[in-house]
Amino acid sequence: MSVIGIDIGNDNCVIAVARQRGIDVVLNDESKRETPSAVSFADKNRLLGSSASAARNPRSSISHLKRLLCLRGLDDERELRFLPFDVAPDGAGGVAVRVRCLGEDRLFSPAQVLAMLLSHLKQIAERDLEAPVSTFVLGVPSYFTDEQRRAYVDAASIAGLSPLSLMHDCAATALGYGIYRTDFPKTGGPMHVAFVDVGHCDTQVCVAAFEAGKMRVLSHASDARLGGRDFDEVLFDHFAEQFKNQYGIDVCSNVRATVRLRSACEKLKRVLSANAEAPINIECLMDEIDVKGFIKREEFERLSLGLLERIVVPCKRAVADAGLTLNGIHSVEIVGSGSRIPAIARMVGGFFKKEPRRTLNASECVARGCALQCAMLSPVFRVRDYEVQDSFPFTIGFSLGGDSSMSSNNVLFPKGQPIPSVKILSFHRSSTFNIEVFYADPSQLPAGASPKISSFTVGPFQASCSGKPKVKVRVRLNLHGIISIESASLIDDVMDGMGTPNSNMDNADHEFASRGPDSATNPVENGTSTHSEGMSHPVVDGHEDQSIKVDGARRGRTSRRLEIPVTENKYGGMTKSQLSDAQEMELQLAHQDWVVEQTKDRKNALEAYVYEIRNKLLEKYRSFATESEREGISRSLQQTEEWLYEDGDDESENVYTGKLEELKKLVDPIENRYRDEESRAQAIRDLLNCIVDYRIAVKSLATPDRDMVINECIKAEQWLRETTQLQDSLPKNIDPVLWSSEIRRRTEALDTACCHVIGHKASPVRAEDRKVADQHGSSDNIFLPRRCPLYRTLHRHRRILLRAHLRPGPPHHRRLRRSRPRWPSPSHGTVLLRFNDLHHHQNLNPLVVPAVQTIGALKSYSDLSPVPHIAVSNRVEEEEGLLETVLAAENLLDFAWGLKSAFPSSSAMRSGG
């Protein structure tokens, strides 16, 4: 299960992932920590993230997704000026994007475009984690309404993701700040910290209370129309007017020039954050005119004075809603991409009368906090106990039957309500009724936002004629900040004709125990009462505590509980059918993107092959190709290159694959000659080594077996000599008569024939013995069977061999030295000797002399290694034969570092034998 957090900003996105060592930021395809929040549509595919460039194709590049979700209709001219692409009404109060995709004009909702970006971010995370990603925590602005939060959830569903939570940006920042701090006071009250997040398009402020192991967000405030892009716009207006007067060009009349100037102004703003003055230079901005300008930081701050004064407004509101004074704020943290402007930091510091601190990474803090929250919600990671309590920034009310008259009694969730929260509503109703849920105070919403949330129809149901039926509705404000009715039940009193309780009915009227700050049951004029359940007492297993009250006076009555269906009618958002269609469309577009990428890869492979073979024909392959072959291949390469840059610039994957195969048919014979020339020499060496090794092995065999092996070796030598002479007489530019594969087959035939003769004399090998042998050398070790006299002789002296090491040198320098590492257990039948050490000693035990002579004979005969080490073991493959592994003498002679003394006892060694 993946544990990631995603921050989708208006300009850039950041992905953070929780690992065992902490929180890391995922790098994108360009090894950057931030990915542009942009989707561009080409003729055949989409360009997502870093690939999308508004400067190249401004009409088809979709950006500013946050503001696009908040846009209501086409009346907001201020927002529309930031959008270089076409938008149209969607019929539900919002807007849709009009682009040309796959050869036709299409309309995409903001949720669909957001889903495309989420799919791209999902691929980046999966590539980094090398595991599928399905769950995550997504950061959202606190000012998002129910409709925009649902759009985020729908976009995640379209992208194949399931958000565990939509977390407010400032709450995520506060979590990343508080969970690592250990200096919070345990007594004397909480520590209050204000977080100011100046983003690309908005400014958010929250006040949080920190205690040891606990964080509680007290208030949220925001300005959805004040961000870094507004300061960019100040520079844009300034230079647009300057260029109009100086160069006579109207930048606003050209979409491409507008995009380029805005991009240059954004870079200029960053330069002014660290310098007192900065120039601006743009080549061919419009009508082939190069423009340049200059501005000082003082002038920029004077032009932005109106925006700077608006920074303190959400700060004041956040402190007031938290019920604190400025003296109660212990610290101020400033984050966000727009917070790097020095004048903003001065304004925030001047209001709070404290110097703003930059403890957190300004661009990554939200994503890191979301990843931490995801780790806390995920069963995969074990996070230390830390309580996070966020609050809801709006007041939510309800009404019955379309009556939206406001009063204090029909407030469902007040502003600052902890999330998640549950409230129980009790109604005296005997038939179907409607509940309207809305934002009770429109002044708390961003400008232009609709106060409507949803309409719920409770029913149909029919209560009995007698008694007082009661309907209880369970309303939840979930982790996403979305309102829903989880359940509704009818509690009805009915008469039992016998005056006894009915066994099919519940005898109890279940009253839900109220919890949280609004636990008091408030009577309402229409016969409604409410019970609330706050964050401080979470629901256990989805059930509430119930207290049972039985009316003993009414023995002839009994209460029954029936579940009532609830139907929701959302204002805005996507229906189930629209969501299904959007998911299908996303799959089609993703498949088309994959096809286009595959086609590009095949085209690039064909182009790279053309250049590679052209160079090799002049160098490596020159002596392996005839003149006619070189001319034909060069001509085909030239034709293919011309075709790639002309008619073949836009073809299908199959066409590029076919062209590549045609070229390979011409080049493969030459490549085969070149490669076989190198491998043939190694194959000849292997065959010769095999012949030599078998000639060594046959000395211990009976005469008939020895003659049979020697005859096979002579035949192989004769065949190799004849074919090699024939091959050497031929030029390199024709196909060889002696292929390396044929030599390898001859080597295998020789092995088979010789092993058939000597293999049956070897004892079988155990799998565990083979493993031990492999630890002390490659397959080049000499393996001797247990029945071999040499093995028995060495095994007889194994205890002394494992106990001592005789250093070479003059007799008066001989002495015992303790062995360094332990050797393998003798039970495995492995004995390691060092010939250089053995030959220095004159008086060897007579039983060991044959072993030393055998080892010396092998060394002097093969002479394949300058280091005379040989491993002697009892393991041998039954089907391969005893001395097949002798062929290893080059690495075989590398077994252990020490002579284990060959004397039968240490006293014999001290006495000179």
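Counting from 1, the numbers follow the sequence of the chain as shown.
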Query raised in the report: Out of Val473, Asn434, Val437, which residue meets the side chain to side chain contact (heavy atoms under 4.5 Å, CB included) rule with Phe456?
Result: Val437

Report task. Might you point out which heavy atoms bring Leu479 and Ser165 nearest each other, and give the distance in Å? Result -> O-OG, 3.7 Å

Query raised in the report: Will you find, in the side chains of Ser489 and Glu563, an N or O donor that is under 3.5 Å from an N or O acceptor?
Result: no

Query raised in the report: Hey, what do you get for CG (Leu68) to SG (Cys201), rounding to the nearest 0.5 Å?
Result: 11.0 Å

Query raised in the report: With a distance cut-off below 6.0 Å to the six-membered ring centre and an angular limit of 45° from the axis, does Lys470 pair with Phe427 as a cation-pi contact?
Result: no

Query raised in the report: Could you walk me through whether Lys415 and Asp321 pass the salt bridge (charged side-chain N to carboxylate O under 4.0 Å, His left out) check?
Result: CA-CA 9 Å; Lys415 182 178 181 179; Asp321 292 344; 2.8 Å; yes

Report task. Establish, from distance only, whether the side-chain atoms of Ser484 and Arg476 form a donor-acceptor pair under 3.5 Å. Result -> no

**Report entry** Asp169 bridged to Lys66 by N-O distance under 4.0 Å
**Finding:** yes

Report task. Give a yes or no on whether a salt bridge exists between Asp223 and Arg310, defined as a side-chain N under 4.0 angstrom from a carboxylate O. Result -> yes

Query raised in the report: Can we call the ring centroids of Tyr152 and Phe144 under 6.0 Å apart?
Result: yes

Requested in this report: Let me see the working for Leu69 and Leu114 under side chain to side chain contact (heavy atoms under 4.5 Å, CB included), right down to the final yes or no.
Outcome: CA-CA 9 Å; Leu69 283 167; Leu114 181 61; 4.2 Å; yes

Query raised in the report: Does atom CG of Asp105 have more than 12 heavy-atom neighbours, drawn from other residues, nucleotides or ligands, at distances under 6.0 Å?
Result: yes

Query raised in the report: Quick check: does any side chain N or O of Ser222 sit under 3.5 Å from a backbone N or O of Gln204, one acting as donor and the other as acceptor?
Result: no

Query - Any donor-acceptor N/O pair, Glu584 side chain to Asp581 backbone, under 3.5 Å - result: no

**Report entry** Considering all heavy atoms, the nearest Phe438-Ser399 contact
**Finding:** CE2-OG, 3.7 Å

**Report entry** Side-chain H-bond candidate by donor/acceptor type, Thr395 with Asp441, under 3.5 Å
**Finding:** no

Query - Note, Val39 side chain near Phe108 side chain (heavy atom, < 4.5 Å) - result: no

**Report entry** Heavy-atom side-chain contact between Leu218 and Leu324 under 4.5 Å
**Finding:** yes

Report summary line: Phe394 meets the ring-ring contact (aromatic ring centres under 6.0 Å, His included) criterion, sequence neighbours left out, with Phe392, Tyr439

Query raised in the report: Distance-only, no hydrogens or angles: does the Gln583 side chain make a donor-acceptor pair with backbone N or O of Ser580 under 3.5 Å?
Result: no

Query raised in the report: Between Thr432 and Val458, does a side chain to side chain contact (heavy atoms under 4.5 Å, CB included) hold up when you go through it step by step?
Result: CA-CA 6 Å; Thr432 303; Val458 182; 6.0 Å; no

Query raised in the report: Okay, side chain of Arg149, backbone of His480: is any donor-acceptor separation there less than 3.5 Å?
Result: yes

Report task. Evaluate the side-chain proximity of Ser391 to His220: yes if any heavy-atom separation is below 4.5 Å, no if none is. Result -> yes

Query raised in the report: Hey, what do you get for CD1 (Ile485) to CG (Leu425), rounding to the nearest 0.5 Å?
Result: 7.5 Å

**Report entry** salt bridge (charged side-chain N to carboxylate O under 4.0 Å, His left out) contacts in which one or both residues fall within residues 132-146, not counting sequence neighbours
**Finding:** Asp146-Arg150

Report task. For residues Thr145 and Ala449, report the shortest heavy-atom separation together with the two atoms involved. Result -> CG2-CB, 4.1 Å

Requested in this report: Kindly give the heavy-atom pair with the smallest separation between Leu377 and Val137, and that separation in Å.
Outcome: CD1-CG2, 4.4 Å

Requested in this report: Step through it carefully: locate the ring centre of Phe195, locate the ring centre of Tyr177, and say whether they are under 6.0 Å apart.
Outcome: yes

**Report entry** Between CG on residue Leu175 and OG1 on residue Thr173, distance to nearest 0.5 Å
**Finding:** 9.5 Å

Report task. Using distance alone, with no hydrogens and no angle criterion, decide if Ser455 and Glu436 have a side-chain donor and acceptor under 3.5 Å apart. Result -> yes

Requested in this report: Could you check if a side-chain atom of Cys170 sits within less than 4.5 angstrom of a side-chain atom of Val217, using non-hydrogen atoms only?
Outcome: no

Report task. Could you tell me whether Asp202 and Arg225 have a side-chain N and a carboxylate O separated by less than 4.0 Å? Result -> no

Requested in this report: Taking all non-hydrogen atoms of both residues into account, name the closest pair between Ala318 and Val207 and its distance.
Outcome: O-CG2, 3.9 Å

Report summary line: Rounded to the nearest 0.5 angstrom, the CG-CZ distance for Leu80 and Arg67 is 11.5 Å

Report task. Specify the closest pair of heavy atoms between Ile6 and Leu138, including all atoms of both residues, with the distance to one decimal. Result -> O-CD1, 3.4 Å

Query raised in the report: Is any side-chain heavy atom of Ser2 closer than 4.5 Å to a side-chain heavy atom of Phe136?
Result: no

Requested in this report: Would you check, one step at a time, whether the test side chain to side chain contact (heavy atoms under 4.5 Å, CB included) holds for Thr457 with Val566?
Outcome: CA-CA 6 Å; Thr457 300; Val566 178; over 6 Å; no

Report summary line: OG of Ser378 to CD of Gln373, rounded to nearest 0.5 Å, is 11.5 Å

Requested in this report: Working to the nearest 0.5 Å, report the span between CG of Leu65 and OG of Ser63.
Outcome: 7.0 Å

Report task. State, with a plain yes or no, whether a side-chain heavy atom of Leu490 is found less than 4.5 Å away from one of Arg561. Result -> no

